[in-house]
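Notes follow the structure.
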Amino acid sequence: MRDAVDVLAQIDPADLGDVALADEVLELRRQMDRQDAVFASLAWVGHTRGVGNVDGAASTASWLRHRAGMREGDAKTALECGEVGDLLAETGRAWRAGEISTGAMRTIAAARVVGHDDKLAAVEPELLELARRDDLRSLRQATKHFRNLALADGSEPGDRDGLFVAKTYGDRTTLSGEFTDLAAETITTTLRAYIDPPSDDGRTTAQRTAAALVQICEVALSHIGDVGKVATQVSLVVDWATLTGDAIGRMDGEFTGPIHPQDVQQALCDSSISRIVTGPDSAPLEVGRAHRAPPPSMRRALVARDEGCRFPGCNRPPGWCQAHHVVPWTDGGPTDLDNLVLLCSHHHRVVHRRGWTITFDGDGLRVLRPDGSEMT
């Protein structure tokens, strides 16, 4: 392995063309994922044997931090993945074979809920299939949905909630927090409503988000003492069977994905409900060319169908996306679901660049690069 790394270290990126460089990066990442898998497996076995005890370490993670120079959080994640790879034998084998990425394995490991290992093993084939397809967005949705269902046995969705305000050594203030699904959806929706769009002022997304939070607090302070309380305005997509209690199905926020069942029930206590009527094939009905911009009902239908940016490999949520006419409206393209897809602002600009082509049949989206190759 050292010899192979020595050879790779001698590669001068300047000697590689763009295609060769891209291929080298992707292949190297795949082999690094395989090494991650082997490392996690060995580390987990070492943990069960207490290998850190020889150095008097308080834990295996702290031993790896000290002896391997790892961040303790990364060490804990590796141990968790090694344990889940042992529990889900086929998933562990696929990781070691390079069939799934380290990111996919970490997502699956994060789905684990104490006391529900048998249920996690039962859904392993579905999760592994998503991981093998590199569909990390759907995998995150599926694992979060699994955790919500596993926790719906009476546990409170917000038992780990908290917001922490601290001072750094440089006298700067930092915020960190953890929130329930519904609270996260409310916070994200509000931030998105106040954040300034990208401009030429040089501010990063983090800086614009920080400014939005300050503005929100200023607005809130100006209304302290007002009579009444403004209802929270967030968008949730809930299957009818779930809404009526006949079955557990889709319960998604526009920005944050699956919502804990108890949070959904809480939201329904004081909310307005809009319906999306679908045809026999479950596709929402079209609205034709009467509007260039999709009306709110069509926007909700797009969110319900696409669940976020449809560009291959993108995982931005629907709240960050715009409706794109596959056949331009100015060229006669209708404003109906068979001609609309959700794209984030970045990929919306990409598909409008010269040479890029996309086709959509109402279900599958194909994206062709300027050289004619297809994005996968």
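To the nearest 0.5 Å, atoms CG (Leu21) and CG (Asp15) are separated by 11.0 Å. Taking CD of Glu24 as the start and CD1 of Ile11 as the end, the distance is 4.0 Å to the nearest 0.5 Å. Distance check, rounded to the nearest 0.5 Å: CE of Met32 to CG of Asp36 gives 6.5 Å. One finds the SG atom of Cys217 at 10.5 Å from the OH atom of Tyr194 (value rounded to the nearest 0.5 Å). Here the CG-CG distance, from Leu302 to Leu342, works out to 5.0 Å after rounding to the nearest 0.5 Å.
Taking each heavy atom of Gln322 and Ser345 in turn, the nearest pair found is NE2-CB, 3.6 Å.
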For side-chain contact (heavy atoms from CB on, under 4.5 Å), just list the numbers for Leu163 and Phe179, CA-CA rounded to whole Å, side-chain angles, deciding distance to a tenth of an Å, and then say yes or no. CA-CA 8 Å; Leu163 178 65; Phe179 302 93; 4.0 Å; yes

Walk me through whether Leu120 and Leu127 qualify under side-chain contact (heavy atoms from CB on, under 4.5 Å). CA-CA 9 Å; Leu120 184 61; Leu127 300 180; 4.0 Å; yes

Could you go through the side-chain contact (heavy atoms from CB on, under 4.5 Å) check for Arg310 and Val367 one step at a time? CA-CA 10 Å; Arg310 289 292 298 272; Val367 180; over 6 Å; no

Show the numbers, then the answer: is there a side-chain contact (heavy atoms from CB on, under 4.5 Å) between Thr335 and Asn339? CA-CA 7 Å; Thr335 302; Asn339 192 48; over 6 Å; no

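When atom types are taken as modelled, the side chain of Ser138 and the backbone of Asp135 share no donor-acceptor pair closer than 3.5 angstrom. Between the Ser373 side chain and the Arg369 main chain, no donor and acceptor come within less than 3.5 Å of each other. No donor-acceptor distance shorter than 3.5 angstrom exists from the side chain of Ser41 to the backbone of Ala37, with no hydrogens or angles considered. A donor-acceptor distance shorter than 3.5 angstrom exists from the side chain of Gln207 to the backbone of Thr204, with no hydrogens or angles considered. Asp306 places no side-chain N or O within 3.5 Å of a backbone atom of Val303 that could act as its donor or acceptor partner. Looking at Glu124, its side chain does come within 3.5 Å of a backbone N or O of Thr91 through a donor-acceptor pair. Side-chain atoms of Arg203 do not come within 3.5 Å of backbone N or O of Asp196 as any donor-acceptor pair. In this structure a side-chain-to-backbone donor-acceptor pair under 3.5 Å is present from Arg305 to Leu337. Side chain of Arg34 to main chain of Arg96: a donor-acceptor pair is present (N/O by atom type, distance under 3.5 Å, no hydrogens or angles). A donor-acceptor contact shorter than 3.5 Å is absent between the side chain of Thr189 and the backbone of Thr186.
Ring pair His324/His352: centre-to-centre distance below 6.0 Å. When ring centroids are compared, Trp44 and His47 come within the 6.0 Å threshold.
Note on Leu87: it clusters hydrophobically with Trp95, by side-chain heavy-atom contacts below 4.5 Å among ILVMFWY residues. Cluster membership for Phe39 and Met105, using ILVMFWY side-chain heavy atoms within less than 4.5 angstrom, is not shared. Linking ILVMFWY residues whenever their side-chain heavy atoms come closer than 4.5 Å, directly or via other members, places Ile216 and Val165 in the same cluster. If you chain together hydrophobic residues whose side chains sit under 4.5 Å apart, Val84 and Leu130 fall into the same group. Val327 and Trp356 are members of different hydrophobic clusters when ILVMFWY side chains are connected at heavy-atom separations under 4.5 Å.
Using a 4.0 Å cut-off between charged side-chain N and carboxylate O, Asp74 and Arg65 make no salt bridge. Between Glu99 and Arg93 there is a salt bridge, with a side-chain nitrogen of the basic residue lying less than 4.0 Å from a carboxylate oxygen of the acidic one. Here Glu80 does not pair with Arg112 in a salt bridge; the nearest charged N to carboxylate O distance is not below 4.0 Å. Glu90 has a carboxylate O that lies under 4.0 Å from a charged side-chain N of Arg132, or vice versa, which qualifies the two as a salt bridge. Using a 4.0 Å cut-off between a side-chain N of Lys or Arg and a carboxylate O of Asp or Glu, Asp6 and Arg2 do not qualify as a salt bridge.
Side-chain polar atoms of Arg208 and Thr205 form a donor-acceptor pair below 3.5 angstrom. Looking only at atom types and distance, the side chain of Ser101 has no donor-acceptor partner in the side chain of Asp33 under 3.5 Å away. Gln31 and Glu27 are linked by a side-chain donor-acceptor pair at a separation below 3.5 angstrom, with hydrogens and angles left out of the test. Using modelled atom types, one finds a donor on one side chain and an acceptor on the other under 3.5 Å when comparing Ser62 with Ser59.
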